[in-house]
Every structure is written in C-alpha cells, then in structure tokens.
J.: 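Take this structure, written in structure tokens, and hold onto it; I'll ask about it next.
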Protein chains: 2
Amino acid sequence: MSKDSPNAASPSPARQRRSSDQVTLSQVAQAAGVSPITASRALNNPDKVSDSARLSVLQAVEKLGYVPNLVAGSLASSRSRLIAVIVPSLINSVFVEVIKGLQETLEAEGYQILLGNTDYDLDREYQLVRTFLGWSCSALVTAGLRHNKACHTLLANWDHPIMEVMELGKGMDLNVGLDHVAAGRCMADHLLDKGYRHIVYVGARLSQDYRASMRYEGHKAVLKEKGIDAPLLELDTLGSLQAGAEGLAQVLAQYPHTQAIHFANDDLAAGALLAAQRQGLNVPGDIAIAGFNGLPLGQHVTPQLTTILSPREEMGRLAAKELIRRLSGKNVYRRQHDVGFTLQTGGST
Amino acid sequence: MSKDSPNAASPSPARQRRSSDQVTLSQVAQAAGVSPITASRALNNPDKVSDSARLSVLQAVEKLGYVPNLVAGSLASSRSRLIAVIVPSLINSVFVEVIKGLQETLEAEGYQILLGNTDYDLDREYQLVRTFLGWSCSALVTAGLRHNKACHTLLANWDHPIMEVMELGKGMDLNVGLDHVAAGRCMADHLLDKGYRHIVYVGARLSQDYRASMRYEGHKAVLKEKGIDAPLLELDTLGSLQAGAEGLAQVLAQYPHTQAIHFANDDLAAGALLAAQRQGLNVPGDIAIAGFNGLPLGQHVTPQLTTILSPREEMGRLAAKELIRRLSGKNVYRRQHDVGFTLQTGGST
DNA sequence: AAAACGAATGGTAGCGCTATCATGACAGCG
DNA sequence: CGCTGTCATGATAGCGCTACCATTCGTTTT
C-alpha cells in the first residue's frame, strides 16, 4: 500500500489507518446498490427485505467473496453464537462423547464450540470461564456441579444460560446428568445379588474424579446396610488399562479374600480383566470384575464386562437441545434432566 | 437508566442506546485515575507503563470485577488469539489426542481453541473454514492436506498461518505429520519378514479415511515388488472393535488361505484379535493380525498387537509450538516436520 | 546550553457491524 | 381527505477496545 503523499500544511493530520484488505459488508452493499444496513438484513433477516434486494446482495456476496466479520457482528449485537464447553479431560473418552453430542447438535444450529480443558483443576476452570465470558459466549456448558468460589460468583452474575452436565443435582441453572450415587448403589446391589461378600471398590484419583467417589458412596451405603465392610483402594494414576492392571495386583496383595472388584470405570475394569486373563486367573471364578460407563471395549473382552451404561452422547445432545430451546427464548419447563443409566450384566460377575 | 428528559425542540434526538451492564475498561481507567489507553496497556503491555499506574489499574480491575471484552479487543486489533482446529471426527481417538497436544500447548500461551468437526465431509470443512475466518482466527489447524476447491482458494488468500497435520506432503503453509505410505510399506515389510505370503489389507471407509488408503498403497507396493498379490477388503462401517470382528469374519470367508491381516488401524485389529480369541482361533498361529496407531489397548490384549506407533499427542504439541513460533514473528526454518513412526512388534504376528 | 532522545501518558479515530429510530410509500378505513 | 398501519429502506450512532500519533517531561548527547 503506498501511503498518500503527506501533504504538508494540512491542519488535520489525516491519520494513517490500518486496514485489513478484507471485503466488508459496506462494499457488498455498494456493489448491490443498497445501504449497508439493508445488506446486513439481507444476510441475517432475509424476510425483512424485498426479494430483489436480497438477491442482489447475495450476488454481490458471491462475486466479492465476502466473509462476514463475526467479531464485529458480535460486538455490535452482543450475541456471539459461541458456546463455551469446559471439560476436565480429553483423555477420558467419556467427555469426548459428550462433546460429540453437543457439537453435532449445536453446529447444526449454527453455534460454534469454544473448548476448554481444566485438567481437573477448578482454578483453571475459573480462568477459562473468565476468558470465555470475555468472548460474550451465548451459553456455557461445564462438566460437573462443583466450582470454586470465584467461579461460582462470576457465573451467578452472568445472564446467559449455564448448563452443567454429567451429574445430577442442584445446579446454577440447567442440568443434564445422571445420579452417580444411585449408579454406585445399583452395582453394589448387583454384586450382592450375585452372592459376593468380599468386595473392594477401586478408583483412581477420587479427589479429582469426584463423581467416582459419589459412586463409591452409593456402593458403601448398600454394603453398610447389610453390615458388610466396603474397603476402598485408591490409585494415584488416572484411569487407564495400565492402572486397572495395577489395581488388580494391589487388591490381590492387600485383600487376598476379595471375591469381586467394583472398579470406578471401564478402563480400569477392562485393564484388570485383560491382566487377569494374562495371569491365568479365572473371571469371575477367581475374581469378579465390574466397571462403569459401558465402553464398547467391555463388550469385546471375554467374559463380557458387567458395567453400567451411561448415555454420554445422548447427554450431550439433550444438553444442546435444552440450551437451544432456551437460547431461542422458549420456555424451559424443567431445569433438571435425568438421563439415567442401565445395568449391563456380562459374564465378568 | 433514566433517560435524559427529552428537551423538546432539540434537533438531535438523543437516541436511546442499549448498554450491557458489564464493567468496561473505561470504568476501570476512571477508577484507577488514568486514561483508558493506559489501562489497556497496563493489562496487555505491562512493561509499557509505570509501576504505579499498573498497580492502580490492577487494583481497580480487582475491585470492579472487570472481565475484558475480548470481542471488542479483537475487533480493534484484528488479533483474536483464537486458533481454529478442524478435525474429521471426534469418535476416532487419534484426532482427540492430537487436539489434546495442541490444546495443552496453545492454552499455556493464552490461545483458545475453536473446534470444528467435518464428519469427513470436505464441503462441511469449507463451511467451517468460512465461519472461522469470520472470527479472525490467529491461525488454523486442519487434519489432512486435502480440501475442496473453494476451501483451497479461501485459504490460499488468507494471510495467517495454516497448519496441516496428520500426513506429510506439499501443504499450503505449515505441515506436521508422518508418511503414511511409508508406514504401510513398513508393516508390509514386517509381515513378509515374518514369512507370511497370503496377506489381506482390511480398511473401513477408505474414501473418507484416505490416509488409511495411503497406507494400503504402501502395503501394496511392497507386495507387488515381490510379485505377491495384495487383496483389499473394505468395510463400510467406520473403524471400531465391532467392525474389526466383522472384518475378520469376512476375510476368513472370502480368503480362506489368509495367513495375516493388515488392519488399517488398531480399533479394527484389536476387535479382530478379541473376536479370534472368542472363537478359539490361535493368533498368530491360525491368523496373524497387525494394526496401526499404537493404542494402549493393543498392549493389553494377549498376544500383544503388532502395530505402528504414531506420536499423536507429540504431533499436536509440535504443531502448536511451530504455530506459536510463527505467530510470535520468529523465523520458520522448516515448513514441514516429519514426526515419524515406530514399528512395535507384539506376539500377534 | 542547545539539541536530541527516550519513557510514560493521553487524545482521537476508528475496527466492521447492527440496534435504534426516522422516513417515505402505499394500502385500508371511516 | 386525513388518520393510522404496515412494509421496505436508510441515516445515525455506537458496541468496547486498541492503533496511531502527539505531547510532556526528565535525561542524555554534542
């Protein structure tokens, strides 16, 4: 760009302006022979303009290769069509499946996902929330009902929909999830039904994965009601096949009379099951194994894994639908949705 | 806000303005006793202002609970610190691991990820790219080198870094990946070394997962050089344990003399291996099985899966680092980075 | 001592879009 | 014929922030 010759004595300095060479809506409007605001309407509220105006604007858009500047649009309208999604982990496929459900539903409605990962750190969550609020997100989805104080205050004063997913409970606004305490009870009931009495619960990093500890609470309550001890073994690596194998080894060492292991999730359970197989242990004869989540892997190991199926993609889809309903100004009849769970009995118990 | 009394004969109508009740930088500046621009600098270029000014601005931010409006900032500076990431699928954990690597590196530098999912549809990719350009993204990461015409044109005229990941080749700008043809060759070499001659390649939806078909090309080339036939079986469900089990069944039916199956990925291979186990087939005695990716699952089945390990998180991290280097104006010495792969031999071949 | 320089700060003018209000044209109605 | 109502369009004024240039003041250079 050659700047204009700096004509000397000009009193108004004619300040040099930056300019992105991008096509603007004004240029489109000019090419279409309408005012900028009509061009804007032609694109965003097509039924507010005449057919002829709409047509010539669309032609100009095509001809000039116009790409709308969404940043400017958001600033002017303070609506961004961005949805913040905050999850504690991407390694854990459970969250990814929820994201998948959210995404396919939200993208279809023209929303985009801003993704944040807290690594199970609530302070990190607070930082992400701050950033995302700065983007004037239309809504925020977060995994879990627990937040730190600052985050809670910030969100409580925010006037957009907040959707808390995964677990069920008294949330800030909208909530889609399942009852983890009940899920823990359910599996404990099943194990008792099967006649097991020496049952160990094995979890990984329960202070982080507090939903797993809620399941343990349910598990423990059921056993206590029968006067049965409910030992807990906590691993300090995150859930993985490897951790599951280690969990099995530790249980066998520390609680030699154990008949069944209730694992906090399927990764651990499958890891243990495959390890048992390698060691020539009979499942469930020598030791019974149960998990949680209903991952496909559990259906392909031998014996099939007893687990609790959680509808993860469905949870994401439902959360997205409820958000969309709310964002389009419709009434929300229920703030809380229980997606439930299903006991899936396999040969492993 | 009570609007000013509409003093009658005023020629300027004193238009009613919307106002979000959010704290603005001007309010912070006022509270801190400095000009708005100094407040801006105190937050974004701390070393451009005096210690006293910075301190009073930070105190005012704290006191008022100021959250920067990033939309406004982006519009004014035409820099957004958003990075668009476009992947074909979230079900396939491979892409998620790359995202993980990208995210942990980019978030640490203050960038946010805008996530898009094409579902293996290049037209969908084009739409996503359009949207993301509208957000003035600082850079764009896309999985793969193939784009449709419109997308290519759009990107070619875009003046921000573009990072194409997963595969290696002549890209639009930056490229981090591995040579899939070579990976296919590598596994074929291994299978020949092991003495197998009747080898079937099994893939799923190869027109979509074209990197798997590149691996097949490598595989086929190696076998052809030895004058060996390289039959291909294509499944039309996406890669999964279930599909792998079906693949095994189809191979046994259609090619009864098969000695080894080279699967397009580990999900398929592990599914086949677990199915073989259920059916009492000996691996590798009756049939050898090989995969691609190096998923943890492959190390936990018996026998361990022979596979090719691809450094997925590392790919994401490296891509992010290169982008950051480029975004911070440093010289880029290499536009192309080969992250390589490793043959991991297990008992399954 | 004059000139030159750098550091800290501020005034101004937008970034590209849309909300708000205003206008003009035309139809319906008593 | 004036009044009101609807429709399509446009002029104007920001949304909240930062780039650009100008200014001030204290320090260094010649």
Side-chain angles (χ1 to χ4, degrees), chain A residues 3 6 10-30 32-57 66-81 133-136, chain B residues 3 6 10-30 32-57 61 64 66-81 133-136:
Chain A
K3 59 177 97 174
S10 168
S12 65
R15 182 170 295 161
Q16 172 92 2
R17 291 303 297 168
R18 58 194 174 276
S19 76
S20 65
D21 47 3
Q22 222 193 327
V23 181
T24 71
L25 187 58
S26 294
Q27 294 171 32
V28 170
Q30 196 163 25
V34 298
S35 73
I37 186 66
T38 298
S40 169
R41 278 192 278 250
L43 296 176
N44 300 318
N45 296 77
D47 39 312
K48 291 270 175 76
V49 299
S50 65
D51 291 353
S52 66
R54 181 167 53 251
L55 191 67
S56 51
V57 168
Y66 170 68
V67 176
N69 185 325
L70 301 174
V71 177
S74 296
L75 180 60
S77 68
S78 49
R79 281 182 287 96
S80 73
R81 295 190 87 77
L133 296 205
W135 278 109
S136 316
Chain B
K3 59 178 96 175
S10 168
S12 66
R15 181 169 296 161
Q16 172 95 0
R17 290 305 296 170
R18 59 193 173 277
S19 76
S20 64
D21 47 2
Q22 224 194 323
V23 180
T24 71
L25 187 57
S26 294
Q27 293 171 32
V28 170
Q30 198 163 24
V34 299
S35 73
I37 186 66
T38 298
S40 170
R41 278 191 279 250
L43 296 176
N44 300 317
N45 296 79
D47 39 311
K48 290 271 175 73
V49 299
S50 65
D51 291 352
S52 66
R54 179 170 53 251
L55 191 66
S56 52
V57 169
V61 164
L64 299 177
Y66 170 68
V67 177
N69 185 324
L70 300 174
V71 178
S74 297
L75 180 60
S77 67
S78 51
R79 282 182 287 94
S80 73
R81 296 189 86 77
L133 296 205
W135 280 109
S136 316

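Sequence lines set the chain letters: A, B, ... in the order given, protein chains first and strands last, and positions in each chain run from 1.
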J.: I want to verify a distance call: between C/dG16, D/dA19, C/dT18, whose nearest atom is closest to the A/L75 side chain?
T.: C/dG16

J.: Considering only side-chain heavy atoms of B/A72, which listed nucleotide, D/dT18, D/dC17, D/dG10, is closest?
T.: D/dC17

J.: Could you tell me whether the side chain of A/S56 and the main chain of A/A53 form a donor-acceptor pair under 3.5 Å?
T.: yes

J.: Could you check how far CD of B/Q22 sits from C1' of D/dG16, rounded to whole Å?
T.: 9 Å

J.: Hey, does the side chain of A/Y66 come within less than 4.0 Å of C/dG16's phosphate (OP1/OP2), counting only N and O?
T.: no

J.: Out of D/dA11, C/dG10, D/dT18, which has the shortest distance to the side chain of A/S35?
T.: D/dA11

J.: Can you tell me if the side-chain N/O atoms of B/S78 get under 4.0 Å from OP1 or OP2 in C/dC15?
T.: no

J.: Step through the shown structure and confirm whether more than 12 heavy atoms of other residues, nucleotides or ligands are within 6.0 Å of CD on A/Q30.
T.: no

J.: Rounded to whole Å, how long is the line connecting atom CG of A/L25 with atom P of C/dT18?
T.: 6 Å

J.: Pairs under 3.5 angstrom only: tabulate donor-acceptor contacts from the side chains of residues 38-48 of chain B to other protein residues two or more places apart or in another chain.
T.:
residue, atom, partner, partner atom, Å
B/T38, OG1, B/S35, OG, 3.2
B/N44, ND2, B/S40, O, 3.3

J.: Could you check which of C/dG16, C/dC15, C/dA19 has an atom nearest any side-chain atom of A/I37?
T.: C/dA19

J.: On a heavy-atom basis, which atom in B/T24 and which in B/Y66 lie closest, and how many Å separate them?
T.: C-CE1, 3.6 Å

J.: Drop me the distance from B/W135's CH2 to A/S80's OG, to the nearest 0.5 angstrom.
T.: 4.5 Å

J.: Starting from P on D/dT18, measure out to CZ on B/R79 and report it in whole angstrom.
T.: 9 Å

J.: Looking at every non-hydrogen atom in both residues, tell me the closest pair between B/N69 and B/Q22 and how far apart they are.
T.: ND2-OE1, 4.3 Å

J.: If you compare all heavy atoms of A/D51 against all heavy atoms of A/R54, which two are closest, and at what distance to 0.1 Å?
T.: OD1-NH2, 2.5 Å

J.: Could you give the CH2-to-C1' distance, from A/W135 to D/dG16, as a whole number of Å?
T.: 13 Å

J.: Describe the nucleic acid contact of B/V71 in one word from base, sugar-phosphate, nothing, applying a heavy-atom distance below 4.0 Å.
T.: nothing

J.: Between residues 40-56 of chain A and DNA chain D, which residues have a heavy-atom gap below 4.0 Å?
T.: A/R41, A/V49, A/S50, A/A53

